[in-house]
Amino acid sequence: MRLATWNVNSIRTRIDRVTAFLERGDIDVLAIQELKCREDQFPWQQLTDAGYEVAMVGHNQWNGVAIASRVGLSETSIGFPQTPAWGDDQVSEARAIRAIVGEKVGLPIELWSLYVPNGRELDHPHYAYKLQWLANLKEHIAAELAERPDAKISLVGDFNIAPHDEDVWSMEFFEGKTHVSQPERDAFFAFLDAGLTEVTRERVTQYTYWDYQQLRFPKNQGMRIDFVLASPALAELVTGAEIDRNERKGKGASDHVPVIVELE
DNA sequence: ATGCCAACACAATGTTGA
């Protein structure tokens, strides 16, 4: 089974690139982030025509996550217990969706498509929100793993954290900025402490994001912030991982590229 | 070679992203 995750930065703008990628990459399951649309604006038809079932959540023009699968899709749920709300008016944001995929090929996986809050600035309320969001999600996953140690669980998506110095093109540039701070990194490592493995790092060393500005892509000044985490029972089934770097080229590219994992 | 910010809402700028 081929599983991918991709922050598309607007599914409406990128739908043709998405369907082309699914075909070219022979992708069975795609976790999507930054849909930037509501349910009634989502391009259902194109994905259905391509043979995929889709579960999505999108409240407005921001955030939005989805799972598209051609190998089964069931038991969809949105968010997680104790999902923090954002801001003074306590808005519920569309940043996490979960479903069981792969049952049609005898490999049922509990898959989470995640768009971790950005954080904005180290002293911004969004930063505290980001850390709380990560901590509460980790608690939920840790409890699940404690109850079912053999569960095949995968957390994928845009984590908006560069866990190691080599995951950004310049630590000097990111001094004092979000994504590289120790509390964010600790929040990420807490998932590993809970028993998950980041199955991409040992197989892919490239960045997954390059800013649109300043010729960041041609200069290869990027960040590694999109990951595939897997529970022990799932991690042992991973046989390969790659990114689709070509997807960042040309007019109309997302600023993130797909991260692909091969299972069994 | 990838190429010098983009997408959204809304109607001129403001928000968000990382």
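These values consider heavy atoms only, across backbone and side chains, with no hydrogens, waters or symmetry-generated copies. To find a chain, count down the sequence lines: A is the first, B the second, and so on, and within it residues start at 1. Predicted model, so just to flag it, every value in this text is computed and none were measured.
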Indicate, with a heavy-atom threshold strictly under 4.0 Å, whether [X] touches base, sugar-phosphate, or nothing.
| X | result |
| --- | --- |
| A:Asn160 | sugar-phosphate |
| A:Gly119 | nothing |
| A:Arg12 | sugar-phosphate |
| A:Arg224 | nothing |

Does [N] have OP1 or OP2 sitting under 4.0 Å from an N or O in the side chain of [X]?
| X | N | value |
| --- | --- | --- |
| A:Arg216 | B:dC4 | no |
| A:Asn118 | B:dA18 | yes |
| A:Asn7 | B:dA18 | yes |
| A:Gln41 | B:dA9 | yes |
| A:Ser10 | B:dA6 | no |
| A:Arg14 | B:dA6 | no |
| A:Tyr207 | B:dT2 | no |
| A:Arg38 | B:dC8 | no |
| A:Thr13 | B:dC8 | yes |

Between [options], which nucleotide has the shortest distance from any of its atoms to the side chain of [X]?
| X | options | answer |
| --- | --- | --- |
| A:His256 | B:dA7, B:dA18, B:dA9 | B:dA18 |
| A:Pro218 | B:dA7, B:dT16, B:dT2 | B:dT2 |
| A:Lys36 | B:dC8, B:dG17, B:dT2 | B:dC8 |
| A:Tyr212 | B:dA18, B:dA6, B:dG3 | B:dA6 |
| A:Arg120 | B:dA18, B:dC4, B:dG17 | B:dG17 |
| A:Gln61 | B:dA9, B:dA6, B:dA18 | B:dA9 |

message: Can you confirm whether A:Gln82 is buried at CD, in the sense that more than 12 heavy atoms of other residues, nucleotides or ligands lie under 6.0 Å from that atom?
response: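 It does not: A:Gln82 CD has 12 such atoms or fewer within range.
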Separation of [X] atom [atom1] from [N] atom [atom2], in whole Å?
| X | N | atom1 | atom2 | answer |
| --- | --- | --- | --- | --- |
| A:Lys249 | B:dT2 | NZ | P | 6 Å |
| A:Phe227 | B:dA18 | CZ | C1' | 14 Å |
| A:Gln214 | B:dA6 | CD | P | 12 Å |
| A:Trp86 | B:dT15 | CH2 | C1' | 12 Å |
| A:Leu215 | B:dT2 | CG | P | 13 Å |
| A:Lys251 | B:dA7 | NZ | C1' | 13 Å |
| A:Trp62 | B:dA9 | CH2 | P | 9 Å |
| A:Asn9 | B:dT15 | CG | C1' | 13 Å |

Identified side-chain hydrogen bond (donor to acceptor under 3.5 Å, both in side chains) partner of A:Glu247 from the options A:Arg14, A:Arg24, A:His256: A:Arg24
- prompt: If you measure from the P atom in B:dA18 to the same atom in B:dC8, how many Å do you get, rounded?
  reply: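 Roughly 15 Å separates the two P atoms.
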query: Distance between the C1' atoms of B:dA11 and B:dT15, in whole angstroms?
result: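 To the nearest whole Å, 15 Å.
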SB check A:Lys104 A:Asp28 (cutoff 4.0 Å): no
- prompt: Would the A:Tyr115 and A:Trp133 ring centres measure less than 6.0 Å apart?
  reply: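 Between A:Trp133 and A:Tyr115, which both carry aromatic rings, the centre distance is not below 6.0 Å.
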- prompt: Strictly under 6.0 Å, is that where the ring centroids of A:Tyr129 and A:His126 end up?
  reply: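 Centroid separation for A:Tyr129 and A:His126: below 6.0 Å.
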query: For the side chain of A:Arg185 and the backbone of A:Pro163, is there at least one donor-acceptor N/O pair under 3.5 Å apart?
result: yes
Donor-acceptor pair (no angle test) under 3.5 Å: A:Arg245 side chain, B:dT2 base: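 Between B:dT2 and A:Arg245, which were checked side chain against base, a qualifying N/O pair under 3.5 Å is present.
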Earlier contact from the 5' end, DNA chain B, for A:Arg248 and A:Gly252: A:Arg248
A:Val116 or A:Ala253, whichever maps to the more 5' nucleotide of DNA chain B: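 Checking each residue's closest nucleotide, the 5'-ward one belongs to A:Ala253.
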field: Any side-chain donor near an acceptor of the partner, A:Asn9 and A:Lys36, under 3.5 Å
entry: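 Short answer, yes.
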